[in-house]
Engineer: 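For reference, the structure I am asking about is given below.
Per chain, numbering begins at 1; letters A, B, ... match sequence-line order.
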Amino acid sequence: MHNTNYHKASSASEAASLLSGADDGALLAGGQTLIPTMKQRLAAPSDLVDISGASDMRGITVSGNSVTIGAMTTHAEVAASKELAAVCPGITSLAGGIGDPAVRHRGTLGGSVANNDPAADYPAAMLALGATIKTDKREIAADDFFTGMFSTALDEGEIITSVSFTAPASCAYAKFPNPASRYAMCGVFVAKGDSGVRVAVTGAGDDGVFRQSDMEAALASNFSAGALDGVSVSADGMLSDIHGDAAYRANLVKVMAKRAVAAAS
Amino acid sequence: MSEGIGAAVKRKEDKRFITGAGRYTDDIRLENQAYAAFVRSPHAHAKVTGIDKSAAEAMEGVLAVLDGKQLTGDGIGNIICGWAITSKDGSPMNMGAWSALATDKVRYVGDAVVAVIAETKAQALAAAEAVDVSYEELPVAANIGAALADGAPQIHDNAPGNVIYDWEIGELQATDDAIAGAAHVTEMDITNNRLSPNAMEPRSAITKYDAAEDHYTLYTTSQNPHVARLVLSAFYQVAPEHKLRVIAPDVGGGFGSKIYIYPEEIVCLWAALKTKRSIKWTADRTEAFLTDAHGRDHVTNAKMGFDADGNIVGFKVSTKANFGAYMSLFSSAVPTYLYATLLSGTYNIPNIYAEVLAVYSNTVPVDAYRGAGRPEASYVVERMMETAAREMGKDPAELRRQNFVREFPHQTPVIMNYDSGDFEGNLNQAMEAADWAGFEGRKAQSAANGKLRGIGMACYIEACGIAPSAAVGSLGAGVGLWESAEVRVNPVGTIEILTGSHSHGQGHETTFAQVVADRFGVPLDSIQIVHGDTDKVQFGMGTYGSRSGPVGMSAIVKALDKVEAKVKKIGAHLLEEPEENIVIEEGTVKATGTNKALGWHEIGLAAYTAHNLPPDMEPGLKEGAFYDPLNFTFPMGCFICEVEVDPETGKTEILKFVASDDFGVIINPMIVEGQVHGGIAQGVGQALLEEVVYDADGQQLSASYMDYTMPRADDVPSYDVLHHNTKCTTNPLGMKGCGEAGAIGSPPAVINAITNAIGNNDISMPATPAKVWAAINSAKMAAE
Ligand SMILES: Cc1cc2nc3c(=O)[nH]c(=O)nc-3n(C[C@H](O)[C@H](O)[C@H](O)COP(=O)(O)OP(=O)(O)OC[C@H]3O[C@@H](n4cnc5c(N)ncnc54)[C@H](O)[C@@H]3O)c2cc1C
């Protein structure tokens, strides 16, 4: 690891000012992605702004169907939230399936969403739930937020403070883990809400998380796993790597979507 | 005797390991210690056209920036392979030069080019990044096919066509004739995947040079510190043997990868002299992937002929073995004498012929990895037997049973002479435990749940306890493969056992002590095992090939024989009874038929005070022995694996795994069971999960745990570990060895089960979900 200056912020605004004062600063949330990258000397920020003490960025609020989750809320906190499970079990089970207990107790929703790893789980939930990503500057709809592999609509120095969404009538997440990393080889989040059905796929696409509109259409009129039988998933645009080719991933999209729908029905 | 042979005593060493008090190489800090970092080639094949060290040399804390020209200029020798193999045409193998720091050319990604020595590790790493090496890239051959293709890049000038040797064993004509006359011939192309050893503790070295004494010390992660010292002095000329002390303290797993002497140890010793500083280097996990010797990587064509009754009449095997960019220490022996000599399996095969083409490629050097050659052989033989049974419409168990070797000793056509075994006994035991007969019912149940269930077996045999020195010498080995031991009984009766074997997870401190406790009836606590230090133990050949039991313990037994003889003489003298009446029981020296007895400590005291010893007896109670094995030992077993495959995703779940092994006499059943568990986990890893993948440019695509699938606890089943043992007839304890068997027998059992489940025999390891899914679909398409 290269040398770096460490700062600890107690709020989002303090983090923003520390960050703007730094040469080449980076936010440090759970550090589950950033620290390994720094240890491999692939990232060398001049300054680290630790936001683990930013209490205004943490916590889960459920009021009726309205859900807000602070960016610094850990995967373990989401997984364990009974309030959240009551209205949106898809997201609690998703969080419980991220990494291992150590990762879940450090890693945060904000870090995961900001990083937008093409195999990360949360982006699928954000997209399928039609979530709003709140930053220290604005609100961004999930549909506009994820702009491709490891790329988001965030500006330089912009800080995610929370995400919010309306809990759907039913939802579920089905994940086929990559055998090595246990990130998603293919993860499908299905949500059936007032405004229709949304199906978001992570891990499988060659440009990050995406919505599967053919499936959304098929499920809109018939929300059952069988409704997906007639949907063909093309291998075009699917990721191909040493763990599976595009045809295999296209197959997984369908299998996982059916399992998610079955779990949500 | 509750602590002796056969007792499942808890491991003595675990107190320090479990409480975090183990002392590994990286835990050691020497005075005046500096750190090394290596600049490694980012290219798989390139000429080194220039090295600009100026920026690095100017950096804070940098003590030296050392390159290959300086190294060879100082007379440091090339790294060698210690086993000479002769080709079919009588020519010697073509060993290319391997300098610890590349001089003119780099041949794999990770090849060390420059070493930076600095005050701190961070400074060394930073300066290493500042070294500017210029390369002229060359075409790359990253696999066997590319290395053997017409016009392939020439990796070493003295290995034309990248061929190291073209070796054969057995009778070609007789085998061809037998197969030509066979009623049925099974032919398969079989690939054995490339694996990374992944010891939990990465390699590490700390070196010290004492100018006043002109003496060197090397602390290193080694399975065989004496061999390291021998090679470092005799071949690499880093230090004279009597001026070099090699210490391998606690070592956290080796699996073969810590047998070899790597560039980093050589460079750190040399750099200690150059800088007059102690030098420490510890690999990070990326360096481990990029530089630890890999295992396996074979491509094989095999033909097996059967007569009309299903008896094997001939077996012909043609294998290409990937050696990587350089010949590592034992590399040449692995696909020859540790592989082709096991191709008779557990069967009576009258005619066998095998040829092996050893090939250079622009990849990490390949050498022995848990099983070393025998997993490759058992995979070929047991995949062939299973496939032949399916093709001939025979029950796979019956085909094996019919062809088993039943009389011992049994001379195979490929050197090995099996001394003992009851192969059918293991088969029966495993089939019963697996409820083989009830499989069809379970399969129907799975089918009702939309799952594909399969069952597969493998009857492996392997060779441990390498090996009679004269025999291996005649086959090209550069060393003898005996083992030594010394038994020191102290004046107070406590005992130290000095052994040339080395424990890096095997539990020698417990099992070796059990052998002594068993012999004299003294408490386990009074026995200490000393190993891993060339200044303490006179010489030893180290631990690999499951030899610590059959060879290392046999040396201890020989030394114990001498101690026992002397103790009895002293006892007879002191008790004034005839020597033949003296017995040693429960730590007491007694004269039978009398009530005269001496405590164990009284004998020790008498030996060292020497006030009253038999005339002409030397004082003291210390005996040494060298044991040269009479033969290999032949552990065998029957493994049965039952799987369920999800046809939608191709994911395999192992539902049951039964291992019935014949390990001969077992010293500690708990430790043996642990060895079997670990071995099967590695075998399941090879069969389902693990593979080192290179792209065509020679970049490792699997060089981290994000992409290299190490088995996790939930990937492996609970095993049923059973034994049906027959005593080995060629060593004093009757032991066969158990360290590798799990990794040897399990891959074919797993693949036989999966192919049985999915109805497609064409699948290569690792059988990942993606591959299994594709195989299911191509079988479906073929059926339509
Ligand atoms: C062993 C292991 C297994 C894992 N398995 C999975 C898995 O199965 N599924 C999965 O989805 N993930 C997995 N992860 C990743 C894990 O979920 C991480 O928590 C996540 O990727 C990053 O979150 P973090 O809080 O650790 O962020 P950090 O590593 O601290 O930061 C990541 C990046 O996001 C930026 N950032 C952090 N917070 C904010 C914010 N509030 N606003 C703007 N930018 C911000 C940082 O500057 C940095 O660039 C795994 C990680 C590990 C180490």
Side-chain angles (χ1 to χ4, degrees), chain A residues 1-4 32-33 36-42 44 97 99-103 117-120 174-188 203-204 225 228-229 233 235 238-260 262, chain B residues 37 60 120-126 128-130 193-194 196 198 284-287 289 450 646-652 684-685 688-695 699-715 766-778 781:
Chain A
M1 197 186 286
H2 292 270
N3 283 342
T4 188
Q32 297 303 292
T33 296
T37 321
M38 289 175 68
K39 282 164 94 176
Q40 287 177 295
R41 306 172 78 83
L42 297 171
D100 51 50
V103 169
D117 187 306
K175 170 180 181 175
F176 190 81
N178 176 305
S181 71
R182 304 252 171 127
Y183 275 66
M185 180 102 161
C186 172
V188 179
L228 296 177
D229 284 334
V233 180
M238 292 291 156
L239 197 65
S240 202
D241 62 16
I242 64 173
H243 303 288
D245 62 11
Y248 179 64
R249 280 204 168 74
N251 169 67
L252 284 183
V253 170
K254 187 149 161 181
V255 172
M256 291 300 122
K258 289 176 76 170
R259 290 182 185 181
Chain B
E60 193 190 341
T120 70
K121 189 169 181 172
Q123 288 168 341
L125 288 167
E129 279 174 7
N193 43 328
R194 187 183 182 105
S196 169
N198 286 301
D284 62 24
R285 192 51 70 180
T286 305
E287 280 182 302
F289 275 107
D646 178 347
E648 292 184 336
T649 62
K651 186 162 167 59
T652 299
V684 167
L688 292 181
L689 308 166
E690 298 181 49
E691 183 171 35
V692 174
V693 183
Y694 281 95
D695 70 10
Q699 298 289 340
Q700 252 186 71
L701 300 179
S702 52
S704 85
Y705 293 130
M706 293 298 280
D707 287 300
Y708 189 90
T709 313
M710 281 298 282
R712 290 170 166 87
D714 64 354
D715 289 315
T768 59
K771 274 196 215 165
V772 172
W773 178 79
I776 292 170
N777 285 312
S778 70
M781 259 148 51

Engineer: What part of A:D241 gets within 4.5 angstrom of chain B, counting heavy atoms only: side chain, backbone, both, or neither?
Structural biologist: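 Nothing of A:D241, per the 4.5 Å heavy-atom cut-off to chain B.
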
Engineer: Using a 4.5 Å cut-off on heavy atoms from C-beta on, say whether the side chain of B:E129 contacts that of A:R41.
Structural biologist: yes

Engineer: Measure across B:A770 and A:G244 and return the closest heavy-atom pair with its distance rounded to 0.1 Å.
Structural biologist: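 Closest pair (atom of B:A770, atom of A:G244, distance): CB-CA, 3.7 Å.
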
Engineer: Side chains of B:T768 and A:H243: does their closest heavy-atom pair fall under 4.5 Å?
Structural biologist: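 No, too far: nothing below the 4.5 Å cut-off.
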
Engineer: Among all residues two or more places apart in sequence or in another chain, which pass the ring-ring contact (aromatic ring centres under 6.0 Å, His included) test with A:Y248?
Structural biologist: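 By the ring-ring contact (aromatic ring centres under 6.0 Å, His included) rule, A:Y248 matches B:W773.
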
Engineer: Please classify the contact of B:A774 with chain A as side chain, backbone, both or neither, using a heavy-atom distance under 4.5 Å.
Structural biologist: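 Neither part; nothing is under 4.5 Å.
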
Engineer: Is any side-chain heavy atom of A:M256 closer than 4.5 Å to a side-chain heavy atom of B:T649?
Structural biologist: yes

Engineer: Measuring from atom NZ of B:K121 to atom CE of A:M1, what distance do you get when rounded to the nearest 0.5 angstrom?
Structural biologist: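 B:K121 NZ to A:M1 CE: 12.0 Å, rounded to 0.5 Å.
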
Engineer: If I measure from the heavy atoms of chain A, does B:L125 come under 4.5 Å with its side chain, its backbone, both, or neither?
Structural biologist: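 Both backbone and side chain of B:L125 come within 4.5 Å of chain A.
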
Engineer: Could you tell me which residues in residues 701-710 of chain B have at least one non-hydrogen atom under 4.5 Å from a non-hydrogen atom of chain A, sorted by residue number?
Structural biologist: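 At a heavy-atom separation under 4.5 Å, chain A is reached by B:L701, B:S702, B:Y705, B:M706, B:D707, B:Y708, B:T709.
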
Engineer: Can you say whether B:P769 sits under 4.5 Å from chain A via the side chain, the backbone, both, or neither, judging by heavy atoms?
Structural biologist: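 Contact with chain A: backbone and side chain both.
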
Engineer: Applying salt bridge (Lys or Arg N to Asp or Glu O under 4.0 Å), run through A:R182 and B:D714 and close with a yes or a no.
Structural biologist: CA-CA 12 Å; A:R182 304 252 171 127; B:D714 64 354; 2.9 Å; yes

Engineer: Would you mind checking if B:K771 and A:D245 are paired as a salt bridge, meaning a charged N to carboxylate O distance below 4.0 Å?
Structural biologist: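 No.
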
Engineer: Using a cut-off of under 4.5 Å for heavy-atom pairs, which of A:N251, A:V255, A:L252 has the most such pairs with chain B?
Structural biologist: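 Ranked by heavy-atom pairs under 4.5 Å with chain B, first place is A:N251.
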
Engineer: Looking at A:R259 and B:E648, does any basic side-chain N land under 4.0 Å from a carboxylate oxygen?
Structural biologist: yes

Engineer: Answer yes or no: does atom CG of A:N3 have more than 12 heavy-atom neighbours from other residues, nucleotides or ligands under 6.0 Å?
Structural biologist: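 No.
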
